[in-house]
Number of protein chains: 2
Amino acid sequence: MKMDSRKQQVLLAIITDFIATAEPVGSRTIARKYDLGVSPATIRNEMSDLEEMGYIEQPHTSAGRVPSQLGYRYYVDFLMQKKDLTAREEEIIRRGYEKKVRQIGQVIVQTGELLSQMTKFAAVVMTPRLELSSFKRVQLVLMNPGQVLVIVVMNTGALQTNIIEVPEEVSQVDLDTISQVLNAKLDGLTLDKIKVTLLREIYYELSKHKNILDLAMHLIQNGLAASREDKIYLGGIMNILNQPEFHNIERVKALLSLLEQEELLRSLLESCDPKEGVTVRIGREMNREEVKDCSMVVANYCIDGRPMGTIGVIGPTRMDYAWVVSVVEHMTLSLSETMEKMFKGWR
Amino acid sequence: MKMDSRKQQVLLAIITDFIATAEPVGSRTIARKYDLGVSPATIRNEMSDLEEMGYIEQPHTSAGRVPSQLGYRYYVDFLMQKKDLTAREEEIIRRGYEKKVRQIGQVIVQTGELLSQMTKFAAVVMTPRLELSSFKRVQLVLMNPGQVLVIVVMNTGALQTNIIEVPEEVSQVDLDTISQVLNAKLDGLTLDKIKVTLLREIYYELSKHKNILDLAMHLIQNGLAASREDKIYLGGIMNILNQPEFHNIERVKALLSLLEQEELLRSLLESCDPKEGVTVRIGREMNREEVKDCSMVVANYCIDGRPMGTIGVIGPTRMDYAWVVSVVEHMTLSLSETMEKMFKGWR
DNA sequence: CGTTAGCACTCATTAAGAGAGAGTGCTAAC
DNA sequence: GTTAGCACTCTCTCTTAATGAGTGCTAACG
């Protein structure tokens, strides 16, 4: 069976209608609402073909058709055409980024809120990836005898803090010496570049201060290496409850159980190719039973052209992909822009 | 009408049974399951009285009775007796705090997870109140010309960070001078004590460095004052979906809409008297329409006997108060203990 | 040969009605 | 004051029937 232009028209009509109404679409409806110039009977024949091809399916014998996940995929790949955002929508986004904020966390939260408010789906925003951000400064604060607070500032403004234990006799002066050396040596490096050669340099540098040498190594090991996790903003869960597909509590539970587990969510987001612009994952394409009826639209935002983190939304498979893709794309650009502005010169 | 011992017994039986089954309780059931030594007819009479007094109500004519919110209140105040946790339960909590962590955030998250896992309700944990924690150290990091990262470390290990703008010509050396003075002057003070008199001292101290004086004041104003918000851990939302009362999506939405708004949640939690041990708020007592069918069991954890923050759970009014109160109480103690251990000597 | 009208057929959804069952309130007896 | 008995009420469930949307098939049409 081959896909011809009319089949495409019919499929497009079915998907468009189903996205709008959430009800199975019948041949009559298509003939009436979408002007294909043929009778319902003809459309029925086409529908029968489309069903055989796997693009649509019937909930039960005497119902209309609904798009299958394959159908949505075909739609996303070949049929859908980007909807430009309305002036009103662009305005909302613009406004969202208008307020001047300087902390990276605030921008992340703001983006997430905006995204979920606009789309009415759950929104996910990841902070810039630590592996890709570079080292800016380390501060060692002696909290107590024996306890040191390590504060690492990355060039993205991200902070990592960590409390580690050290011998009681270590003084703040020792710590300052160490941080001085570390700052000099590590400045501008990405975390994954902090490797053996470098450690040797530091070792050499500090060899005049034999007494604190071990401490410094210990610090690097435990203070820097640990907790290199990115944070994830997740919000707008309430929104998805308004979607008719989530009137079934079981589905809500399934989705929520996944969203509450940050690692799962992370792996889901990371499965998206940072190279393509906006990635759409439909239902089972995500390979997770819990979200087999959900779709995900995500994109990476960039700083200096390098993809740094992911933003996106998760909702039912029945979503207005054309529009959601546009929103996510637009937000990604706005976010990239805002971040670049924030970090101008920090690199 | 006066409450006598038998009425109490009947009320207790109704509440106990309803908590367990979520079904309206009939006179027969009580006579059979709870050994009051009287016939269903007698119990019916008592029930009729209890209904008139407002402690129980009938969903419809031929149904059993369910406790009213007033009934729950009476139960919590007079009838319920604390259930000791089982060895198994205590073990779970003990285990939860066994893993050694040093960052306050981790303890908070751990407590929240534990609380929601055990109770199967939504858990809420507030970080130690900033107003009550005292100043430990400030670090000023020059990120860029003109941009300073202010890191304030409180004695609870809580960090506040803030990026502020300063004149371009400010150097890291200037910043170090300022932080030195600030650290000396502010050490050990609570945020609300940082008042005018103190500012004058700092002013005097820094008068030798006229050029950075304004900067210092600016720093204090904007770097310290801002963002003095406590964080709230919220988790286990999925759990409450398993409660039969939340099979109605509308209720879920109502509750979630409240929980997603952090300020509302905060005001709710702060409405609880830190003096009493465990506070129970039932339904409309919370004065919020969204949670008129929910109850809240919260308590404050303490450091050095001073209430520092709040932990608690939110679930349907039909909850096993006796047990939940015990769990929350127990967790509060464990948390207080853990925190005290963490901050031993930090004060 | 593609298209279309007509029609029988399927199946979900809705409404109405009939029991069944749970539980009450009342009354009269103990 | 307590209890047994009983009529009554109301929900819940099951059945049945009617409705209607939508299909698939067939035969006719251009």
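Reckoned from all heavy atoms, side chains included, excluding hydrogens, waters and symmetry mates. Convention: sequence-line order gives letters A, B, ...; per-chain numbering from 1.
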Euclidean distance, atom [atom1] of residue [X] to atom [atom2] of [N] [Å, nearest integer]:
X      : N       : atom1 : atom2 : value
E52(B) : dG25(C) : CD    : P     : 11 Å
M47(A) : dC25(D) : CE    : C1'   : 16 Å
F18(A) : dG22(D) : CZ    : C1'   : 16 Å
I30(A) : dA21(D) : CD1   : C1'   : 14 Å
I43(B) : dG1(D)  : CD1   : P     : 17 Å
R44(B) : dG1(D)  : CZ    : P     : 18 Å
D4(A)  : dC1(C)  : CG    : C1'   : 15 Å
E51(A) : dT23(D) : CD    : C1'   : 10 Å

Can you find a side chain N or O atom of [X] that sits less than 4.0 Å from OP1 or OP2 on [N]?
X      : N       : result
R65(B) : dA22(C) : no
R32(B) : dG23(C) : no
R6(B)  : dT2(D)  : yes
S62(A) : dG22(D) : no
R28(A) : dT23(D) : no

Keeping S326(B) on the side-chain end and K83(B) on the backbone end, is there a donor-acceptor pair under 3.5 Å? yes

Determine yes or no for a side-chain-to-main-chain donor-acceptor pair under 3.5 angstrom, with E329(A) supplying the side chain and V278(A) the backbone. no

Compare the minimum distances between each of dA5(C), dT2(D), dA4(D) and the side chain of T42(B), then state the nucleotide with the smallest one. dT2(D)

So do the side chains of R65(A) and V25(A) get within less than 4.5 Å of each other, counting heavy atoms only? no

Hey, mind stepping through E250(B) and K253(B) against salt bridge (charged side-chain N to carboxylate O under 4.0 Å, His left out) and telling me if it holds? CA-CA 5 Å; E250(B) 290 309 314; K253(B) 272 200 270 189; 3.5 Å; yes

For dA21(D), which nucleotide is its Watson-Crick or G-U wobble mate, given both distances must be under 3.5 Å? dT10(C)

What is the base-pairing partner of dT27(C), counting Watson-Crick and G-U wobble geometry with both distances under 3.5 Å? dA4(D)

Reading DNA chain D from 5' onward, which residue's closest nucleotide shows up sooner: T61(B) or S27(A)? T61(B)

For DNA chain C, whose closest nucleotide is more 5', that of G26(B) or that of H60(A)? H60(A)

Nearest-0.5 Å distance that lies between atom OG in S68(B) and atom CD1 in I14(B): 10.0 Å

